[in-house]
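Working notes, structure below.
Just follow the structure's listing: the first ligand is 1, and inside any ligand the first atom is 1. Heavy atoms only: backbone and side chains are in, while hydrogens, waters and symmetry mates are out.
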Amino acid sequence: MITGKKKKQEDAPVLAVDGPSGSGKGTVCRLLARELGWNLLDSGALYRLVGIAARNHRVGLDNHAALEVLAGHLDVQFQPGDDEGRVILEGEDVGPILRSEEVGALASEVAAVPAVRSALLTRQRAFRIPPGLVADGRDMGTVVFPDATLKVFLTASAGERAERRYKQLKDKGEAVSLPRLVEDIEARDRRDSERAVAPLRPAPDAVLLDTTGMGITEVFLRLMAEVRERGII
Ligand code: DC
């Protein structure tokens with residue numbers, strides 16, 4: 001029955017984890033989802049995919065109507081696998097470019113378009129299925145899941161976030177410069193925090209955690225402790 005199914009979906013607990021790039025959200029959300037056996041929403045990947053689709057279809061970033069159509073009709077499959085799994089966009093495995101700096105910059109531009117954000121809302125909410133969802137993004141606790149069971153806002157200094165990103169990209173064989181990354185991260189923070197729609201900021205009821213100087217395991221254990229203390233599991 002449709003009503004029964006809908007109620008169940010809305011009842012599934014959500015752990016909303018927001019914060020700027022390099023705050024450790026992505027890794028910690030994957031660990032949390034694995035530990036809890038919950039679904040994982042990497043909402044940044046959706047904005048990145050809209051950016052790639054726009055580039056593939058030669059849609060200008062100022063053509064908001066066309067971007068809205070792309071966002072509303074993303075032909076994407078998330079295939080489970082080792083680590084991050086495979087992401088197939090319109091039949092093409094976009095894994096190798098999805099996390100690149102270039103695609104991140106495109107994503108940040110399309111994410112500032114209100115029509116793109118609303119076109120992605122339903123798709124994001126569909127990830128909420130029992131037994132629960134770990135949602136990683138910028139507006140998970142403020143806009144997409146305002147009724148989330150637990151809201152966390154992770155941050156870290158821009159310098160440390162740039163260093164983390166530097167290591168990640170170097171490991172993937174991307175040529176990067178650290179000072180350039182610091183500049184890019186600060187520019188992206190500004191764009192993400194100052195945009196009119198769903199700007200990056202903690203929900204009033206979010207638990208704030210500054211991860212500067214913390215390892216990923218420590219962050220994971222802190223959040224698992226929070227989940228247990230609140231009786232979520
Ligand atoms: O987390 P990420 O680096 O993959 O995100 C890519 C871009 O998408 C980033 O600039 C911010 C934007 N984004 C957003 O505006 N809202 C989200 N919920 C997730 C990402």
Using a 4.0 Å cutoff against the non-hydrogen atoms of [X], which atoms of ligand 1 qualify?
{"X": "Ser43", "answer": "17 (C), 18 (N), 19 (C)"}
{"X": "Ser108", "answer": "10 (O)"}
{"X": "Met140", "answer": "18 (N)"}

Any salt bridge linking [X] with [Y]? Criterion: basic side-chain nitrogen under 4.0 Å from a carboxylate oxygen.
{"X": "Glu101", "Y": "Arg188", "result": "yes"}
{"X": "Asp184", "Y": "Arg180", "result": "yes"}
{"X": "Asp139", "Y": "Arg195", "result": "no"}

- Quick one: does ligand 1 sit under 4.0 Å from the side chain of Arg99, the backbone, both or neither, non-hydrogen atoms only?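 None of Arg99 does.
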| Side chain, backbone, both or neither: which part of Arg191 has a heavy atom under 4.0 Å from ligand 1? |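 Neither part.
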- prompt: Going through the distances and angles, do Thr27 and Arg164 end up as a side-chain hydrogen bond (donor to acceptor under 3.5 Å, both in side chains)?
  reply: CA-CA 11 Å; Thr27 313; Arg164 291 176 185 168; over 6 Å; no
*Distance from atom 16 (N) of ligand 1 to nearest protein heavy atom, with residue and atom*: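 Result: Arg117 NH2, 3.0 Å.
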Nearest protein heavy-atom contact for atom 13 (N) of ligand 1: which residue, which atom, what distance?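 The protein heavy atom lying closest is Arg138 CG, 3.7 Å.
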Ser21 N/O to ligand 1 N/O under 3.5 Å |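 No, since none of the N or O atoms of Ser21 sits under 3.5 Å from an N or O of ligand 1.
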